[in-house]
Amino acid sequence: MTATTRAKTNYLVTVLGGLFSLLAGMLITLRNLFRRPVTEQYPKSKPALSKNFRSAIALVRFEETQTHDCVACMQCVQICPSFCIAIEGDKPEGLKRKRATEFHVDYALCSVCGLCIDVCPTNTLKYSRVYDQVAYRRDAFVYDLLTEFRDAEVAYLEKARQEAAAKEAAKQAAAAARANKDTAPAAANASKELEND
Amino acid sequence: MPTRAKAGAVSERQHSKLGDAPLPETYHLNMGPQHPSMHGVLRLVLHLDGERILDVDPVIGYAHRAHEKMAEHRNYLMFLPNTSRVDYLSGMIYNLAYCQAVEKMLEIEVPERAEYIRVICSELNRISSHLLWFGTFLLDIGGITPFLYAFDDREQILEILDRVTGSRLTYCYGRFGGLTEDVDTTFLDQTRAFVKRLRERLPEYHALVTGNVIFRGRCEGVGVIDQHVALAYGVTGPCLRAAGIAFDVRRAEPYGIYDRFEFDIPTEQSGDALARYKVRVAEIEQSLRIIEQAVAQIPDGPIMPDKPKKRFKPAAGELYFAVESARGQFGIYIVSDGSEIPFRIKLRTPSFSNLAAMPAVLPQTTIADTIAIVGSIDVVIPEIDR
Amino acid sequence: MFNQLFGNIWLVTLASGAVIMGFLTVNALFLVWLERKLSARFQRRLGPTEVGFAGTLQTLADAVKLLGKQLITPRNADKPLYHLAPVIVFMPVVVGVSLFPIDRQLMFVDLNVGLVLVFAFAGIGFIGIFMAGWGSNNKYALLGAMRAVAQNIAYEIPLILSALSVTLLARSMKLSAIVEAQSTLPYLLFQPLGAAIYLIGAVAETNRAPFDIPEAESELVAGFHSEYSGMRFAVFFLAEYSNMAIVSMVATTLFLGGYHGPWLPGYVWFFIKVYGLISLMMWFRWTFPRLRFDQLMSFAWTVLVPLSLANLMGTAVVLKVFRR
Amino acid sequence: MSGDAKISAVLETLLAAKLVQQDEQGVGYAKSGMHHELLCPAEAIRAAATVYREAGFFLEMVTCLDLRETARRMRLVYTFNRLGPAERHRLFVDLAEVKPFEPSPNVKSNATPATDPPALPQCAPSISSVYPAADWFEREIFDMFGVQFSEHPNLKRLLLPEDADFHALLRDFGRVEDADQGEGGRGV
């Protein structure tokens, strides 16, 4: 085979091969023309959120207390890389533990890293399931996490106060009883008085 | 290994790039920072003679977010969410790389299961990055349909990772010592199904793109980064492997448990855009291989150490830790002064060096080639700017 | 046909113009919808679904939106050129359409140099494109305009050469005569190479992918029409889709036997062939990447021009030998 | 591999010539990811870079440390590596401290001018003629730390705006007090 004929064959091979490659590509697109579209018609059909979907943080509502358990320890505030959590808390009257009185999250700053959830000592932080926040103003993304807990919190605090009072009373009673061991008659009188009450 | 590189080989190249012919009418063209195919906010100031490029000056910094400065004001843990935002296309790899670097400083042992999950997620992330690159590269050179096919496949990965990590792009999945969430059998089944699916799809990609005569014409011999240029500019990743150097951090200094898996380092010899394309597509296949092995071998067990540390306070010292990201060698240089806050974290990002080689590659090509070349080296601008 | 109806040449011109403009507008609206729908299905998407049945009115809504858009004229633009360019791009199309025999009796003008006129008017459009690119005072637009002119010159030659082979077969440049000559068999069977060259050239002439070099959106942003907004931009769009229709009509007339076909009425066959060809061009666009400018040019000059010349010579020789 | 022998020979020569010396607190690869750590005088860095270049190393990274608070100096860190099994060399170049562009009023300087700092050069020679990769790295260091490189072909800002009047990674820049105090504490 001379060089010229080889060049000619190569030229033909190139041209025909090129043509064939174009046809192969067209076959692929044609095949896809008859496949089912994969589009999700988003606002009409909403896909399920994934199992561990991360969004703005929210407070867990515990079964037994019907409220959150944020004790305003400030650990999440300190670990937050975006400085987007602001908490205030104090000791409610008649209670030993602190409770959060204000809990704001600026979701516009949050990077959903989950560090706050990791450090929470009472496990009262979780991811919420909201995903379609839209607003015209930045401060609309500052969420007050305690809003939905206000009523429950009042009830819980009332209950907790009673429990604490009862506990206190019982403790005093026990202390009194211990004291009465030494002075038996006085103790007897005291117990009688209690019964009369 | 490259042959002995001559000092100054590149500067000779630069001198000759203007050619000897007198320049008639030349002009400057600002390509970017807003341009359909500048992948973010890259600006190339092109010095043109007609459509022929005489010189190029890349201008970067439009997406500078001061990650390194932020690191000096946060403790080690608080820097975690930053990592996946440096290169948002391989966020998982960056996130886990930072975890591994700090673990090395703190001498934390990572449970077996967590190591396997890390490998699976990193490789899934690498494939998703390559698929995105595949799509946008084709978009750059005018093929729109492959872009959507690639995104369809990438969507599967995002869903798998979303289910376990809770995010689709900027993962914050790693923790010092392990991970935030354990995976379940559904994850493993999904991953297996994805491996099978992509294996079936790749031949379609080859028929639609790899063999296409127009595509080959656009890529063959275009933007050659040869071994000398690669060495001079510190080019790493698929761009380096396309020049025939089988350098992969996963092999060169294995991190995590990469030494337990069998995989090849795909290389090409020509160093042009087509070679880079072929290397990346071959890497997708290798990543699938790694995932397959990891899914088959994954042991049961915890994903965090039994007694996780609460305070992360490494001793004073320095560490350079490198991983193979989808774009090349990603290095983290941590300097600790013994406090809870890093003294300095320097991120050595692959695209920074890869893009820096452009002035040696682009001259004497055309505008259309510029698009193909910048697309083929797969730059992620936020990663360059940090 | 219209001559018999009116008799007054001005009225005829006016009426034909109105009908053609109406047809072109509807045609462009339909083609944009078709392109969006087809591209969507090629890419496993749905395309427009909201406005009208299956999104059919979507392009109408888009057109209304474009009408309401602000018309921006860049500072330092060459204003006369800039404003005139869309008109110059669009007007030849109107004339072009009037030359085709849509059915045996349905034809606006039947000239004995119809074929020449079609190509002559097609050439004018590129002057408009160059005016747009030059007048915009934008480097991308200028690059696009320069590419457009070079591409036009390169691809018109094979286009016309392949059409010439057909005129040799038909012995006429009258479009109706060419169609009548194909009443038994379409010229596609005698001129397969010519038809292929014509198809490639036609895609290039209409600046469609993979030859959409002048407006390559990933390189030149939008090329010559970067700086056009609102309705001016829409006119460029209108011209592009109308040009697709015209080159397909030429191909139908020259190679596919025009309105000839069994069972169905002639105009139905004509439009089936035209829109079939347009769909084929869309199929190309949504499959192939774009060529590089120099590859495009060298393909035209080193492959298409010699091939079409050879085709023309071959046709001439064969005709000389076999046709008495 | 002969390359290994070559590089060690070259380094030995360099060591013998007192061009570079082992850093006093050099640590092993397992701990720091570095195989060799060397302290190099500024004027020798280009010669050292040439040696690495000839031995087939690539420039992995150049960065800078602002040690003004503790040691009253700036420290350049050059990292060279092989395109094969890792062999990472780190070169330190100490420079005199730079003055902040325009010190903000709330700067707290812990540096005590008790003892005179050792006489250190003000700038390092650019190695971008040896490794073009260094071009951008050095520009970034100039941009972020204000460290000058002599004979650099194009020493202008890389990431920060051209008209910036600060060097962002100096440790006394952008220190926001109480950055972690919630609202308004977006700081840096």
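Within every chain, numbering begins at 1; the chains are lettered A, B, ... in the order of the sequence lines, protein sequences first and strands thereafter. The analysis underlying the following values was restricted to heavy atoms, covering all of them including side chains, and did not include hydrogens, waters or symmetry mates.
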- request: Examine the side chains of B:Glu268 and B:Tyr277 and answer whether a donor and an acceptor come within less than 3.5 Å of each other.
  value: no

field: Portion of B:Asn75 that has a non-hydrogen atom of chain A nearer than 4.5 angstrom
entry: side chain

- line: Most heavy-atom pairs under 4.5 Å with chain B, out of A:Thr29, A:Leu19, A:Leu115, A:Val112, belong to A:Leu115

message: I'd like to know if B:Asp182 and B:Arg113 make a salt bridge, using a cut-off of under 4.0 Å between side-chain N and carboxylate O.
response: yes

message: At a heavy-atom distance under 4.5 Å, which candidate from A:Ser50, A:Ser55, A:Gly18 has the highest pair count against chain B?
response: A:Ser50

- request: Using a strict cut-off of less than 4.0 Å between a Lys/Arg side-chain nitrogen and an Asp/Glu carboxylate oxygen, indicate whether B:Arg168 and B:Asp162 qualify as a salt bridge.
  value: no

Salt bridge present between B:Lys196 and B:Glu200 (N-O < 4.0 angstrom): yes

query: Taking NZ, NE, NH1 and NH2 as the nitrogens, is one of them in A:Glu153 or A:Arg150 under 4.0 Å from a carboxylate oxygen of the other?
result: no

- line: Scored by heavy-atom pairs under 4.5 Å with chain A, the best of B:Arg85, B:Glu159, B:Glu155, B:His206 is B:Arg85

- prompt: What salt bridge (charged side-chain N to carboxylate O under 4.0 Å, His left out) pairs are there with at least one residue in residues 115-136 of chain A, not counting sequence neighbours?
  reply: A:Asp118-B:Arg175

message: Taking the ring centre of each residue, are B:Tyr76 and B:Phe176 less than 6.0 Å apart?
response: no

query: Within residues 162-170 of chain A, which positions have a heavy-atom distance to chain B below 4.5 Å?
result: none

query: Mind checking whether A:Phe141 and A:Tyr107 have parallel, tilted or perpendicular rings, split at 30° and 60°?
result: tilted

- prompt: Counting only N and O atoms by type, is there a donor-acceptor contact under 3.5 Å from the side chain of A:Ser128 to the main-chain atoms of A:Ala58?
  reply: no

query: Do B:Thr180 and A:Arg54 have side-chain atoms, one donor and one acceptor, less than 3.5 Å apart?
result: yes

message: Other residues, nucleotides and ligands only: do more than 12 of their heavy atoms fall within 6.0 Å of CZ on A:Arg36?
response: no

field: Contact winner vs chain B - A:Ser111, A:Gly114, A:Gly17, heavy-atom pairs under 4.5 Å
entry: A:Ser111

Side-chain donor-acceptor contacts of residues 39-48 of chain A below 3.5 Å, not counting sequence neighbours, with atom names and distances?
from    : atom 1 : to      : atom 2 : distance (Å)
A:Thr39 : OG1    : C:Leu46 : N      : 3.3
A:Lys44 : NZ     : C:Glu50 : OE2    : 2.8
A:Ser45 : OG     : A:Gln41 : O      : 3.4

statement: Expected contact set for residues 207-219 of chain B against chain A at heavy-atom separation under 4.5 Å reads B:Ala207, B:Leu208, B:Gly211, B:Asn212, B:Val213, B:Ile214

